[in-house]
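Down below is the structure, laid out as structure tokens.
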Amino acid sequence: MNYWLMKSEPSAFSIDDLKSMPNRTEHWDGVRNYQARNMMRDTMKVGDRAFFYHSNCKVPGIVGLMEVVREGYPDHTAFEPDSKYFDEKSDPNNPRWYMVDIKYLRHTRRVISLAEIKDHASLENMPLVRKGNRLSIMPVSKNEWDFILSLEDRPER
DNA sequence: GCCAACGTTGGC
DNA sequence: GCCAACGTTGGC
């Protein structure tokens with residue numbers, strides 16, 4: 001099983017939005033970065049787990065857990081002229097952008113903030129805390145996954 | 001293939 | 001709102 005971290009701005013799509021969807025499931029559309037695209041298209045598998053990360057907000061951090069329930073398939077919003085994710089260069093016969101379907105599992109018992117993640121030496125290799133990294137989807141090692149989950153029941157600092 | 005200009009991301 | 005860092009674009 002692979003582990004991931006997926007960013008979303010809560011003002012656009014939050015973990016509560018995901019939880020409120022039918023079957024608590026939604027497609028993760030709008031990713032327009034090739035590295036992230038490749039991971040969704042080639043690497044993410046049904047059953048993989050992912051952290052839901054709130055970015056560009058008051059307290060950026062990990063807010064919940066999700067599960068991949070459908071593997072990479074073409075992101076149809078790229079073909080819709082009215083979508084904010086429209087990309088005229090994405091040809092339906094040779095789609096440029098892919099997405100996966102993701103299901104809400106639960107909120108973390110508290111927000112694991114970016115500031116806290118930065119404080120732990122065992123998490124220093126996460127792309128999330130590397131300078132200038134802008135990947136919206138990134139792999140998480142099993143050790144990092146387990147360590148972050150262990151933070152949940154430590155008192156908030 | 002280089003690189004300047006531009007747009008976006010995202011923390012602060 | 002600011003701005004550093006990065007990816008993309010397009011002229012040459």
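Keep in mind that this is a model prediction, so the values were computed, not measured. To find a chain, count down the sequence lines: A is the first, B the second, and so on, and within it residues start at 1.
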Tyr73(A) six-ring centre to Arg70(A) NZ/CZ under 6.0 Å and within 45° of normal:
yes

Heavy atoms only, 4.0 Å cut-off, all strands: where does Lys118(A) land among base, sugar-phosphate and nothing?
sugar-phosphate

Tell me the interatomic distance from Asn33(A), atom CG, to dG10(B), atom P, rounded to whole angstroms.
9 Å

With distance as the sole test, does Ser136(A) use its side chain to make a donor-acceptor pair with the main-chain N or O of Lys7(A) at under 3.5 Å?
no

5'-most contact on DNA chain C (nearest-nucleotide basis), Lys131(A) vs Tyr34(A), goes to Lys131(A)

Is a side-chain donor or acceptor of Ser8(A) paired with a backbone partner of Phe13(A) at a separation under 3.5 angstrom?
yes

In whole Å, I'd like the distance from the NZ atom of Lys84(A) to the C1' atom of dG7(B).
16 Å

Rounded to whole Å, how long is the line connecting atom CG of Leu135(A) with atom P of dG7(C)?
8 Å

Length of the line joining Asn133(A):CG and dG10(B):C1', which is rounded to integer Å:
11 Å

Both Asn56(A) and Arg134(A) contact DNA chain C. Taking the nearest nucleotide for each, which residue is further toward the 5' end?
Asn56(A)

Using five base pairs at each end, measure the axis-to-axis angle across the helix from dG1(B)-dC12(C) to dC12(B)-dG1(C) and round it to 10 degrees.
10°

Value in whole Å for how far the P atom of dG10(B) lies from CE of Met126(A)
14 Å

Using the side-chain hydrogen bond (donor to acceptor under 3.5 Å, both in side chains) definition, which of the options Arg41(A), Arg96(A), Arg32(A) pairs with Asp75(A)?
Arg32(A)

Would you say Met6(A) and Tyr98(A) are hydrophobically clustered, going by side-chain heavy atoms of ILVMFWY under 4.5 Å?
no

Scan Asp48(A), Ile102(A), Ile15(A), Thr25(A) and name whichever one has a side-chain contact (heavy atoms from CB on, under 4.5 Å) with Met66(A).
Ile102(A)

Would you tell me if any nitrogen or oxygen in the side chain of Tyr85(A) comes within less than 4.0 Å of OP1 or OP2 on dT8(B)?
no

Between atom CH2 in Trp97(A) and atom C1' in dG7(C), what is the gap in whole Å?
10 Å

Does OP1 or OP2 of dT9(B) have a side-chain N or O of Lys7(A) closer than 4.0 Å?
no

For His54(A) and dG11(B), what is the distance between atoms NE2 and P respectively, to the nearest whole Å?
12 Å

What is the distance, rounded to the nearest whole Å, between atom CE of Met138(A) and atom P of dC6(C)?
13 Å

Under-4.0 Å salt bridge between Arg109(A) and Asp153(A):
yes

